[in-house]
Protein chains: 2
Amino acid sequence: MSRERNGGTPLAERTSAAKGLADRLRRVGQRVTPQRLVILGTLSPGAHLSADDVFARVETHLPGVNRSTVYRTLELFGDLGLISVTDLGGGARVFELIDEPHHHLICHRCGAILELDDALVDPLRVAIRARYGFVPAVDHLALFGFCAACATATNG
Amino acid sequence: MSRERNGGTPLAERTSAAKGLADRLRRVGQRVTPQRLVILGTLSPGAHLSADDVFARVETHLPGVNRSTVYRTLELFGDLGLISVTDLGGGARVFELIDEPHHHLICHRCGAILELDDALVDPLRVAIRARYGFVPAVDHLALFGFCAACATATNG
DNA sequence: CCGATAGATGCAAACTATCGCATCTGCATG
DNA sequence: CATGCAGATGCGATAGTTTGCATCTATCGG
Ligand SMILES: [Zn+2]
Ligand SMILES: [Zn+2]
Ligand SMILES: [Zn+2]
Ligand SMILES: [Zn+2]
């Protein structure tokens, strides 16, 4: 193992995704740790993972990692805008690497989940920015309500 | 107390708000219980109450009521569209009786909370309904992002 | 008004998430 | 490469939320 120390670059950092994260963390004054790199590695765009899902996957690569670290790191990544954090009503919040924004409509009555086109959401983003100077990070919205079927069933 | 049974109308139901709720519950096939009436009574438009706030208030009127009942009832009311359920990032979700919709913008970096005019949100509501037939219940949105000050600080 | 029953509540345990503090480590400095 | 320290992690405690099950009750039919 003494030959592994190739020029100071940490082991886990030698993939493009990890390299990108490492740079990004350093740029905002955050430290690069093995835990953070592995936790990021378990996330991907399009996958809704719970904190426990992430913990389970991370544990196989980094035995001994702690749940608190997973939670704290996921919160950090959320604050940095790297991942979305969403309550889809399934008991635990889900985390997802941000790529193209996408959103969900969830029926209060039957639980159906539809996908919502970001094109409908973008005007809101723009309007908020124009009116308040606030830059919203709406990459993965979950809106509750009633699907077409349940809406008519409820009223009639 | 034997003279209290006035025509089968339960004790707690003799206020206009409670009467309205009782009717509404029966209309959707839900039972009317003292717990539900008192829990609704603790909520009001404009007040952000946590589940624990609600529990504390309910307990003074109904000693012995259980936390689970409060949680289950709040979820029921949320599903029925009576109250909004929102994660403002403060640790516990907040519940509020629905009246006029209002929304919040929350800064990831400094924690500032601005109010968001529903006029900016309404077009989204309308567009979703038009496109999907889905009737969204967006009465109390919480959108995270960066406030004007923090947005410039982060980029520059 | 009584009895039957679907469904609500109480209770305890499990699950989800956060926090304080001691220890460890990434990173800067010389 | 050694040293120092701010900050990250591990750990246990605590807060917040959900669930399974036994019991109780609102509601309905008689
Ligand atoms: Zn999604
Ligand atoms: Zn539905
Ligand atoms: Zn509010
Ligand atoms: Zn801010």
Side-chain angles (χ1 to χ4, degrees), chain A residues 2 5 7-13 18 21-23 25-40 49-56 58-59 62-80 85-95, chain B residues 2 5 7-13 18 21-23 25-40 48-56 58-59 62-80 85-95 111:
Chain A
S2 55
R5 37 185 57 233
T9 304
L11 178 95
E13 202 171 321
L21 174 67
D23 289 345
L25 285 174
R26 291 204 184 89
R27 219 177 306 133
V28 295
Q30 296 289 336
R31 290 190 185 169
V32 177
T33 69
Q35 288 89 340
R36 290 177 176 182
L37 296 176
V38 173
I39 289 169
L40 182 86
L49 294 188
S50 69
D52 199 62
D53 293 335
V54 174
F55 174 71
V58 170
E59 210 182 15
L62 272 180
V65 71
N66 194 272
R67 258 172 226 280
S68 304
T69 302
V70 172
Y71 277 104
R72 279 187 289 233
T73 303
L74 289 172
E75 188 186 348
L76 172 70
F77 288 173
D79 287 348
L80 292 179
V85 184
T86 316
D87 178 5
L88 293 175
R93 289 174 303 170
V94 297
F95 303 86
Chain B
S2 56
R5 38 182 60 234
T9 305
L11 178 94
E13 201 171 321
L21 173 67
D23 289 345
L25 285 174
R26 292 206 182 88
R27 218 178 306 132
V28 295
Q30 297 288 337
R31 290 191 186 170
V32 178
T33 69
Q35 288 88 340
R36 290 178 176 181
L37 296 176
V38 173
I39 289 169
L40 181 87
H48 292 166
L49 294 188
S50 69
D52 200 60
D53 293 334
V54 174
F55 174 70
V58 170
E59 210 182 15
L62 273 180
V65 71
N66 195 270
R67 275 194 156 71
S68 304
T69 302
V70 171
Y71 277 103
R72 279 187 289 232
T73 303
L74 289 173
E75 187 185 348
L76 172 70
F77 288 173
D79 287 347
L80 293 179
V85 184
T86 316
D87 178 5
L88 293 176
R93 290 173 303 169
V94 297
F95 303 86

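Throughout, protein chains are lettered first and strands after them, A, B, ... in sequence-line order, and every chain is numbered starting at 1.
- Following rounding to the nearest Å, B/D53 (CG) and D/dA15 (P) show an atom-to-atom distance of 15 Å.
- Side chains of B/F55 and B/V65 form a contact here, defined as non-hydrogen atoms less than 4.5 Å apart.
- Side-chain contact between B/V94 and B/D53: absent, with no pair of heavy atoms (C-beta onward) separated by less than 4.5 Å.
- For A/R72, the side-chain contact (heavy atoms from CB on, under 4.5 Å) criterion is met by A/S68, A/T69, not counting sequence neighbours.
- A/L74 places none of its side-chain heavy atoms less than 4.5 Å from the side chain of A/R93.
- Between A/E75 atom CD and D/dA8 atom P there is a gap of 12 Å when expressed in whole angstrom units.
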Annotated protein contacts, base or backbone, on nucleotides 5-12 of chain C with a non-hydrogen cut-off under 4.0 Å, one of B, S, - each: -BBSBBBB
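- Residue A/Y71 places at least one side-chain N or O closer than 4.0 Å to OP1 or OP2 of C/dA17.
- The backbone N or O of B/V32 lies less than 3.5 Å from no partner atom in the side chain of B/R26, so there is not a single donor-acceptor pair.
- B/R67 pairs by the side-chain hydrogen bond (donor to acceptor under 3.5 Å, both in side chains) definition with B/D52, not counting sequence neighbours.
- The CZ atom of A/F55 sits 14 Å away from the C1' atom of C/dA17 (whole-angstrom rounding).
- Rounded to an integer number of Å, the gap from CZ of A/R26 to P of C/dT25 is 17 Å.
- A/R93 has no side-chain polar atom (N or O) that falls below the 4.0 Å cut-off from OP1 or OP2 of D/dT17.
- Between the CD atom of A/E59 and the P atom of D/dG10 there is a distance of 11 Å, rounded to whole Å.
- A/D52 places its CG atom 9 Å from the P atom of C/dC15, with the value rounded to the nearest Å.
- Between A/L25 atom CG and C/dG26 atom C1' the separation is 12 Å, expressed in whole Å.
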